[in-house]
Participant: 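Below is the structure I would like to discuss, written out as structure tokens.
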Number of protein chains: 2
Amino acid sequence: MKHQHILEELRGKGVRLTPQRLLILNTVAQGEGHLGVDEVFRQAKESYPYMDIATVYRTLHLFKKMGVVTEVAIGDRLHFEITDPDGRHHHMVCRECGGAYNLAPDYLVEFRETLMREFAFEPDLDNFTVTGICSVCQSKDKAKV
Amino acid sequence: MKHQHILEELRGKGVRLTPQRLLILNTVAQGEGHLGVDEVFRQAKESYPYMDIATVYRTLHLFKKMGVVTEVAIGDRLHFEITDPDGRHHHMVCRECGGAYNLAPDYLVEFRETLMREFAFEPDLDNFTVTGICSVCQSKDKAKV
DNA sequence: TAAGCTCTTGCAAACGTTTGCGATTACTAA
DNA sequence: TTAGTAATCGCAAACGTTTGCAAGAGCTTA
């Protein structure tokens, strides 16, 4: 069981650490990359058969609100990952293959400054996703034509 | 009935123009700004009581695929508007008040070029939405503290 | 350690959205 | 104008997600 610091943090915020929550946290942590809700549910259920899908949803939303996990929209489906501890990152999601790529925060600094200066609009760039077509799929598409 | 050019365009693409579709198109067009699915449904039902919610969903998705309407995510809810004919625009959505502001394409040109150059990632910036806090709500928040 | 308070869980029902299907309708061609 | 064909509609059921509620469990205090 890693993520001891996350547990301390949650306890400090008055979040009760139930077996279900620990299990879901572990599942998300072990699921390298990004897991969908149903995948988290299925895996957690293997360890604890009474696990309820409603608990999974409630727990993931709680973790998201607490900043412990990050939600990434991949083609209409929500995926979850443990929040990047050393500096947040963003995502580029390919609409063709569904692949998710990380994007360092630097690339958004200027965009953010522009919106602030021009519109006094403070964008949420902590959890930012841009969809598009990745380089691999671009090559494939060209090959088809 | 405006939007004659849209009808021609749809017919040209082999889309059947049923009364239900015309009605939904008019509803979206008249609903200044952005209408939710339920609002489109309710308004369309006033003119044609047999209107089915499934038809509204199917039609809006069809129109979206045809490029006739644009989908905007406003705080977990999808809204629809007639696609901007003279140059597309983007949206800034306030997560506090739910307000949607237009954003001219210019502000994204540089961001797009960066992603292309650095990652060969072609972003979908035709229908781009960034959430955040608008200037009005920022002032309110300050006042509360 | 045990009691008590509050939060969380599991269940079931509700909600919003999507899908399958038979009946109906828009469009095409004669 | 009419008949034929394929797409669309309305209905109902299915699906994924959220919510209400009573039973159960975590944390605090003494």
Side-chain angles (χ1 to χ4, degrees), chain A residues 1 6-28 34-66 68-69 71-80 98, chain B residues 1 6-28 34-66 68-69 71-80 98:
Chain A
M1 179 60 175
I6 295 182
L7 300 185
E8 299 303 334
E9 189 189 330
L10 287 174
R11 205 191 308 266
K13 288 179 180 171
V15 172
R16 289 192 187 173
L17 300 180
T18 67
Q20 291 91 335
R21 288 179 176 173
L22 298 180
L23 184 52
I24 290 170
L25 181 65
N26 271 329
T27 305
V28 174
H34 313 167
L35 291 183
V37 175
D38 51 338
E39 292 164 309
V40 174
F41 176 52
R42 206 174 321 115
Q43 288 189 35
K45 205 170 184 176
E46 285 177 14
S47 305
Y48 174 59
Y50 295 133
M51 179 64 75
D52 194 273
I53 185 71
T55 300
V56 174
Y57 277 105
R58 280 191 278 230
T59 302
L60 288 175
H61 289 160
L62 173 73
F63 285 171
K64 181 190 166 191
K65 200 170 72 178
M66 294 297 160
V68 167
V69 305
E71 189 185 273
V72 185
I74 298 187
D76 294 349
R77 267 204 148 43
L78 296 179
H79 288 226
F80 293 86
Chain B
M1 179 59 172
I6 294 182
L7 299 184
E8 299 303 336
E9 189 188 331
L10 287 173
R11 205 191 308 267
K13 289 180 180 171
V15 172
R16 288 195 186 170
L17 300 180
T18 67
Q20 291 91 335
R21 288 179 176 173
L22 299 180
L23 184 51
I24 290 170
L25 181 65
N26 271 330
T27 305
V28 174
H34 314 167
L35 291 183
V37 175
D38 51 337
E39 291 164 312
V40 174
F41 176 52
R42 205 172 323 114
Q43 288 189 35
K45 205 169 184 176
E46 285 177 14
S47 304
Y48 174 59
Y50 295 133
M51 180 65 75
D52 193 273
I53 185 70
T55 299
V56 174
Y57 277 105
R58 280 190 278 232
T59 303
L60 288 175
H61 289 161
L62 174 73
F63 284 172
K64 180 191 167 190
K65 199 170 72 179
M66 294 296 160
V68 167
V69 305
E71 189 186 273
V72 186
I74 299 187
D76 294 348
R77 268 205 146 43
L78 297 179
H79 288 226
F80 293 86

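Chain naming here is simple, since letters A, B, ... match the order of the sequence lines and numbering starts at 1 in each.
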Participant: Counting C-beta onward and ignoring hydrogens, is there a side-chain heavy-atom pair between A:Leu62 and A:Leu10 closer than 4.5 Å?
Facilitator: no
Participant: What is the distance, rounded to the nearest whole Å, between atom CE of A:Met51 and atom P of C:dT9?
Facilitator: 8 Å
Participant: Before accepting this row, confirm whether a basic side-chain N of the pair B:Lys13/B:Glu9 lies closer than 4.0 Å to the acidic partner's carboxylate O.
Facilitator: yes
Participant: Where the side chain of B:His61 is defined as all heavy atoms beyond and including C-beta, which of C:dT18, D:dT8, D:dG10 is the nearest nucleotide?
Facilitator: C:dT18
Participant: Report the distance from atom CZ of A:Phe80 to atom C1' of D:dG16, rounded to the nearest whole Å.
Facilitator: 13 Å
Participant: Determine: side-chain N/O of B:Gln20 to OP1/OP2 of C:dA26, distance under 4.0 Å, yes or no.
Facilitator: no
Participant: Considering only heavy atoms from C-beta outward, does the side chain of A:Leu60 approach that of A:Glu71 to under 4.5 Å?
Facilitator: no
Participant: Which residues in residues 8-18 of chain A have at least one heavy atom lying under 4.0 Å from any atom of DNA chain C?
Facilitator: A:Arg16, A:Thr18
Participant: Below 4.5 Å, heavy atoms only, C-beta onward: do B:Ile53 and B:Val37 meet side chain to side chain?
Facilitator: yes
Participant: Check every strand shown and say whether A:Phe41 touches a base, only sugar-phosphate, or nothing at a heavy-atom separation below 4.0 Å.
Facilitator: nothing
Participant: Counting just side-chain N and O atoms, does B:Tyr50 come under 4.0 Å of either OP1 or OP2 of D:dT8?
Facilitator: no
Participant: Less than 4.0 angstrom between a side-chain N/O of A:Arg58 and OP1 or OP2 of C:dT8, yes or no?
Facilitator: no
Participant: Measure from CD1 on A:Ile24 to P on C:dT8 and round the result to the nearest Å.
Facilitator: 13 Å
Participant: Do B:Gln20 and B:Thr59 have side-chain heavy atoms sitting under 4.5 Å apart?
Facilitator: no
Participant: Could you tell me the separation between the CG atom of B:Leu23 and the P atom of D:dG10, rounded to a whole number of Å?
Facilitator: 10 Å
Participant: C:dG16 P sits how many Å from B:Glu39 CD, rounded?
Facilitator: 13 Å
Participant: Nearest-Å distance, CG (A:Asp52) to C1' (D:dT19)?
Facilitator: 12 Å
Participant: Taking C-beta and beyond as the side chain, do A:Met51 and A:Ile24 meet within less than 4.5 Å on heavy atoms?
Facilitator: yes
Participant: Would you kindly give the CG-to-C1' distance between A:Leu62 and D:dT18, to the nearest whole Å?
Facilitator: 15 Å
Participant: So B:Pro49, base contact, sugar-phosphate only, or nothing? Heavy-atom distance under 4.0 Å.
Facilitator: nothing
Participant: Can you figure out which of C:dG10, D:dC9, D:dT19 approaches the side chain of A:Tyr48 most closely?
Facilitator: C:dG10
Participant: Indicate yes or no: at least one non-hydrogen side-chain atom of A:Phe63 is less than 4.5 angstrom from one of A:Arg21.
Facilitator: yes
Participant: Between B:Val37 and A:Arg21, which residue's closest nucleotide on DNA chain C lies nearer the 5′ terminus?
Facilitator: A:Arg21
Participant: Mind calculating the distance between CG (B:Asp38) and P (C:dA14) to the nearest angstrom?
Facilitator: 20 Å
